[in-house]
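Here the structure comes first, spelled out in structure tokens, and everything after it is commentary.
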Amino acid sequence: MDADHLSQRLATVASYVPQGARLADIGTDHAYLPVNLAKRGIIVGGVAGEVVPGPFKNAQHEINQEGLDDKITARLANGLQAIKPTDQIDTVAIAGMGGTLITQILTQDFDRLAGVQRLILQPNVGEANVRQFLMTHGFQLMTEQIVSEDGHDYEILVADRNTQPQQYTAEELRFGPYLLAEHNAIFVAKWQRELDRAQVVLHQVQSAHEVPAAKVAELTEKIAEIKEVLQRVGA
């Protein structure tokens with residue numbers, strides 16, 4: 001993968017960046033996403049944020065090599081601290097992290113999202129945490145996509161600022177309201193695997209010398225919920 005040939009996961013994230021946006025890509029790694037978007041004339045400027053020195057230097061190198069240092073600024077900073085008011089960022093992308101970490105990043109410097117109209121988030125796990133954050137912090141889910149790549153399933157959540165975002169049920173938070181409605185083959189396969197995993201873990205827990213009742217109850221509830229959804233979508 002390089003800036004001219006994004007992975008399917010990052011290409012899907014890129015597809016939701018509005019024309020003329022000023023983008024902050026948090027956890028940018030090699031800055032492939034903002035560089036790709038700048039080269040195609042999608043973004044007019046932006047920030048490539050990294051908290052780790054090695055990837056930060058990679059991002060700097062990529063931006064300079066492409067002659068885009070007048071449009072994209074690489075910053076070594078923790079999460080949203082990479083954003084300054086003068087950047088006039090209106091779109092933020094955070095991809096390739098756990099949902100808990102993404103939520104933490106958005107929460108701890110929430111004031112830096114003041115001018116942001118769109119969030120494009122791709123959690124590797126813990127998607128429900130991200131949906132919960134959006135619902136309770138003034139962002140309305142606009143769409144969701146699920147893609148499968150190199151043996152992994154990735155959910156991309158797109159949300160726009162809204163003072164009264166729709167409230168979702170526990171089921172919708174776990175499975176995703178848009179993904180539930182579409183229930184494509186990737187969605188079904190993902191949750192079939194999750195069901196199989198949960199059943200294996202439940203069997204192991206029940207075989208323990210001292211059976212933890214709370215864990216058994218949690219797993220039993222999860223299994224029932226997944227089965228109910230899969231049955232409903234005809235899996």
Side-chain angles (χ1 to χ4, degrees), residues 6-18 21-34 36-37 42-43 46-52 55 59 75 77-83 87 89-149 152-162 165-168 170 172-182 186-187 190:
L6 297 180
S7 64
Q8 186 185 2
R9 174 182 68 90
L10 272 187
T12 304
V13 171
S15 72
Y16 291 107
V17 176
R22 295 190 62 83
L23 173 75
D25 182 30
I26 306 302
T28 196
D29 198 12
H30 284 76
Y32 289 153
L33 177 65
N36 173 279
L37 290 163
I42 304 296
I43 62 171
V47 172
E50 250 304 335
V51 71
V52 182
R75 288 211 184 104
N78 184 13
L80 298 181
Q81 290 170 29
I83 300 174
D87 298 324
I89 296 300
D90 53 42
T91 304
V92 169
I94 309 179
M97 303 180 199
T100 300
L101 179 55
I102 289 176
T103 303
Q104 181 184 328
I105 287 170
L106 293 170
T107 304
Q108 67 189 11
D109 291 293
F110 185 71
D111 58 310
R112 293 183 185 246
L113 296 176
V116 172
Q117 298 303 309
R118 171 160 290 192
L119 297 175
I120 308 165
L121 310 171
Q122 182 269 296
N124 291 340
V125 294
E127 298 88 355
N129 294 335
V130 179
R131 293 188 184 98
Q132 179 72 35
F133 167 86
L134 295 170
M135 186 177 74
T136 55
H137 287 77
F139 283 90
Q140 172 66 52
L141 262 177
M142 302 305 292
T143 191
E144 301 169 310
Q145 292 289 327
I146 184 168
V147 299
S148 187
E149 189 171 59
H152 298 282
D153 299 320
Y154 301 106
E155 295 184 13
I156 294 94
L157 316 181
V158 184
D160 288 348
R161 190 174 288 279
N162 189 313
Q166 185 175 345
Q167 299 300 293
Y168 294 114
E172 289 170 327
L173 290 173
R174 171 172 279 181
F175 296 93
Y178 291 91
L179 299 178
L180 260 175
E182 183 185 2
I186 300 173
F187 173 88
K190 170 185 175 170

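The line from CG of Asn78 to CD1 of Ile105 is 7.0 Å long, rounded to the nearest 0.5 Å. Atom-to-atom distance recorded for Asp111:CG and Leu80:CG is 8.5 Å, nearest 0.5 angstrom. Going from atom NE2 of His152 over to atom CG of Asn124 covers 8.5 Å, rounded to the nearest 0.5 Å. Atoms CD1 and CG, from Ile102 and Leu121 in turn, are 5.5 Å apart once rounded to the nearest 0.5 Å. Ile156 CD1 to Ile120 CD1: the interatomic distance, rounded to the nearest 0.5 Å, is 10.0 Å. For the atom pair Thr91 OG1 and Ile43 CD1, the distance stands at 9.0 Å (nearest 0.5 Å).
Residues Val92 and Ile83 have side chains in contact (heavy-atom distance under 4.5 Å, counting atoms from C-beta outward). In this structure, Leu119 and Leu113 have side chains that are in contact, with non-hydrogen atoms separated by less than 4.5 Å.
The one candidate from Arg9, Glu127, Gln145, Glu155 that meets the side-chain hydrogen bond (donor to acceptor under 3.5 Å, both in side chains) condition with Gln122 is Arg9. Just one residue in the list Thr107, Leu106, Leu101, Thr100 forms a side chain to side chain contact (heavy atoms under 4.5 Å, CB included) with Thr103, and that residue is Thr107.
Legend: ring pair (Phe, Tyr, Trp, His ring centres under 6.0 Å) pairs involving residues 92-136, not counting sequence neighbours, sorted by first then second residue: Phe110-His137, Phe133-His137. Within the structure, every pair that satisfies the salt bridge (charged side-chain N to carboxylate O under 4.0 Å, His left out) test and touches residues 139-149, not counting sequence neighbours, is listed here: Arg131-Glu144. Applying the salt bridge (charged side-chain N to carboxylate O under 4.0 Å, His left out) test to residues at least two apart or on different chains, the pairs with a partner in residues 114-123 are Arg118-Asp160.
What you find for Phe187 and Ile146 is that their closest heavy atoms are CA-CD1, 4.0 Å. Across all non-hydrogen atoms, the minimal contact from Pro34 to Ala48 is CG-CB, 4.3 Å. Residue Leu134 comes nearest to Pro165 through the heavy atom pair O-CG, 4.3 Å, listed as atom of the first residue, atom of the second, then distance. For Thr28 against Glu50, the heavy-atom pair with the smallest separation is N-OE2, 3.6 Å. The shortest non-hydrogen separation linking Val17 to Ala21 is CG1-CB, 3.9 Å. When every heavy atom of Ala59 is checked against every heavy atom of Ala31, the shortest pair comes out as CB-CB, 3.7 Å.
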Evaluation steps, side chain to side chain contact (heavy atoms under 4.5 Å, CB included), between Met135 and Gln167:
CA-CA 6 Å; Met135 186 177 74; Gln167 299 300 293; 3.5 Å; yes

CA sep, side-chain torsions, deciding dist, call: Tyr154, Thr12, side chain to side chain contact (heavy atoms under 4.5 Å, CB included)
CA-CA 10 Å; Tyr154 301 106; Thr12 304; over 6 Å; no

With side chain to side chain contact (heavy atoms under 4.5 Å, CB included) as the test, would you mind laying out the steps for Arg75 and Asp87 before giving the verdict?
CA-CA 12 Å; Arg75 288 211 184 104; Asp87 298 324; 2.7 Å; yes

Let me see the working for Tyr16 and Met142 under side chain to side chain contact (heavy atoms under 4.5 Å, CB included), right down to the final yes or no.
CA-CA 10 Å; Tyr16 291 107; Met142 302 305 292; over 6 Å; no

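Without hydrogens or angle criteria, Arg161 side chain to Val116 main chain gives a donor-acceptor distance under 3.5 Å. Side chain of Asp90 to main chain of Arg22: a donor-acceptor pair is present (N/O by atom type, distance under 3.5 Å, no hydrogens or angles).
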